[in-house]
Peer 1: 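Can you keep this structure in mind? I'll have questions shortly.
As a basis for the values below, the full set of heavy atoms in this structure was taken, side chains included, without hydrogen atoms, waters or symmetry mates. All ligand and atom numbering here is 1-based and tracks the order in the structure.
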Amino acid sequence: MTTRIVLDCDTGTDDAIAIMLAALHPGIDLMAVSTVNGNVALPYATENTLRVLDHIGADVPVFAGAAHPLVRPDLPIPRDILNADNPEFQVAYLDLAPSVTPAQDTSAVSMLIDTFTDPANDDVVLVATGPLTNVALALIAEPRLASRIRRMVLMGGAYVGGNVTATAEFNIWVDPEAARTVFSAGLQEIVVVPLDATHSAPLTRADCEAFDALQTPAGSAAAALLRHRIDQDQTPESLKSEPSAPVHDPLCIAYLIRPDVITSAGRFPVSVETAGEQTLGQLIVDARPWTSDPVNATVALTASADVFRHVLLEAFALDASS
Ligand code: RIB
Ligand code: CA
């Protein structure tokens, strides 16, 4: 069975791996990619997305979206200050050839509205692996979209902890108002793939070698991107059994191909902190059994690295013409 998806992302090394997985795996039909301000400023996210698709020879339309968060002028801490202690982790341009294919003239928000209001697309899953600005803008411009998006899978938040602050994960923190808008919109099904799940299934240097051994454009690119992530990972070595790094975004795609990649999950009322002095952008997962707040999301808690690497290897062995 093939799942049709639209991928909204902020490419980004792990988004790049998600794009290749979605474009190449026969279990996914990648209809469109939209880009958003996040890991890098919007023009870089769009160019990087085009580079990835050109690199693997995939013919998928790319739509540029929001250059700024929904209500804030910028990230809560500007990107250059935020990245000052680890400037090499998130480089502006991915190390791939400049794109030759242009982005579409239509905006990402228009594309999302057009796609999801079309009854012929009832089966299409929306996957978001960046800040939720484009999705929130589309829901605000066309509130009927909330009942038209039948299923959404997103990378963001954490059940416990954070990565950009002690309590917040990057995608939700970049645009907390957008994230809150999405979680309160009344979508029928939201699956959250948070840090807890992605950190439980890190990839290793052996995976880099396995990707390289495929001798495909996707395999080589994935190996280089993963090596970079492992080299730059800031988790103390004492907390790892071997050098490794979480590769967050493609876990959302892997979940649509092999749901058993998620090994435990719970259903909870979920919202987002938009005002906290120390908790801005925290995903609030209400695990109280007696809560009366309505359940609005499934939250993945753990994942299988073995299933994850199997799905990635299946995809990266292929090229876009096969
Ligand atoms: O916190 C990890 C997430 O933030 C990933 O989606 C990464 O690409 C960045 O957007
Ligand atoms: Ca991302």
Side-chain angles (χ1 to χ4, degrees), residues 5-22 33-42 44-49 51-52 62 64-69 75-77 79 82-83 86 88-94 108 126-135 152-176 178-179 182 191-203 222 225-226 228-230 232-235 244-255 272 280-283 299-300 303 308:
I5 73 166
V6 170
L7 175 59
D8 186 72
C9 58
D10 61 335
T11 321
T13 56
D14 56 338
D15 302 82
I17 296 174
I19 292 167
M20 295 195 293
L21 176 58
V33 181
S34 50
T35 59
V36 67
N37 170 60
N39 279 318
V40 290
L42 181 72
Y44 300 111
T46 306
E47 167 62 15
N48 287 337
T49 300
R51 285 185 183 196
V52 172
V62 174
H68 304 283
L75 279 58
I77 300 170
R79 196 180 284 106
L82 184 70
N83 293 340
N86 194 9
E88 296 305 312
F89 179 65
Q90 199 59 75
V91 291
Y93 284 120
L94 294 181
L126 176 58
V127 181
T129 61
L132 294 169
T133 319
N134 290 339
V135 182
M152 179 171 183
V153 180
L154 68 94
M155 192 284 133
Y159 184 75
V160 176
N163 57 2
V164 67
T165 71
T167 56
E169 179 279 333
F170 181 82
N171 287 340
I172 305 294
W173 173 86
V174 166
D175 198 343
V182 171
V191 176
V192 181
V193 177
L195 294 176
D196 316 77
T198 64
H199 282 259
S200 76
L203 300 181
L225 291 162
L226 177 56
H228 175 80
R229 292 186 66 85
I230 294 172
Q232 298 296 324
D233 190 65
Q234 291 186 311
T235 311
S244 65
V247 188
H248 312 282
D249 297 337
L251 195 56
C252 293
I253 310 293
Y255 167 72
V272 173
L280 179 67
Q282 181 175 5
L283 192 76
V299 180
F308 191 26

Peer 1: Among the protein atoms near the Ca ion (ligand 2), how many are N, O or S and lie under 3.0 Å away?
Peer 2: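 Counting protein N, O and S atoms closer than 3.0 Å to the Ca ion (ligand 2) gives 5.
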
Peer 1: Just by modelled atom types, is the Cys9 backbone N or O under 3.5 Å from a matching donor or acceptor in the Asp15 side chain?
Peer 2: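 Checking the backbone N and O of Cys9 against the side chain of Asp15, no donor-acceptor pair under 3.5 Å is found.
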
Peer 1: Between the side chain of Asn39 and the main-chain N/O of Asp10, is any donor-acceptor distance below 3.5 Å?
Peer 2: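 Yes, because the side chain of Asn39 sits within donor-acceptor range (under 3.5 Å) of the backbone of Asp10.
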
Peer 1: Mind checking salt bridge (charged side-chain N to carboxylate O under 4.0 Å, His left out) for Asp196 and listing every partner two or more places apart, or none if nothing turns up?
Peer 2: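 Once residues adjacent in sequence are excluded, Asp196 has no partner under the salt bridge (charged side-chain N to carboxylate O under 4.0 Å, His left out) criterion.
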
Peer 1: For Arg79, which residues count as a salt bridge (charged side-chain N to carboxylate O under 4.0 Å, His left out) partner, sequence neighbours excluded?
Peer 2: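 Applying salt bridge (charged side-chain N to carboxylate O under 4.0 Å, His left out) to Arg79 gives none.
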
Peer 1: Output yes when a side-chain donor or acceptor of Arg229 lies under 3.5 Å from a complementary backbone atom of Thr13, and no otherwise.
Peer 2: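 Side chain of Arg229 to backbone of Thr13, a donor-acceptor pair under 3.5 Å: no, none is there.
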
Peer 1: Are Val62 and Thr35 side-chain neighbours, meaning at least one heavy-atom pair lies under 4.5 Å?
Peer 2: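 Yes, their side chains come closer than 4.5 Å.
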
Peer 1: Are the side chain of Asp175 and the backbone N or O of Ala178 linked by a donor-acceptor pair below 3.5 Å?
Peer 2: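 A pair under 3.5 Å: yes.
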
Peer 1: Name the orientation class of the two ring planes belonging to Tyr93 and Tyr44 (parallel below 30°, tilted from 30 to 60°, perpendicular beyond 60°).
Peer 2: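 The rings of Tyr93 and Tyr44 stand perpendicular, inter-plane angle above 60°.
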
Peer 1: Near ligand 1, which residues have a heavy atom under 4.0 Å away from one of its atoms?
Peer 2: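 These residues qualify: Asp10, Asp14, Asp15, Asn39, Thr129, Met155, Asn163, Glu169, Phe170, Asn171, His248, Asp249.
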
Peer 1: Specify the closest pair of heavy atoms between Val272 and Pro176, including all atoms of both residues, with the distance to one decimal.
Peer 2: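 Distance-wise, the nearest heavy atoms are CG1-O, 3.6 Å.
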
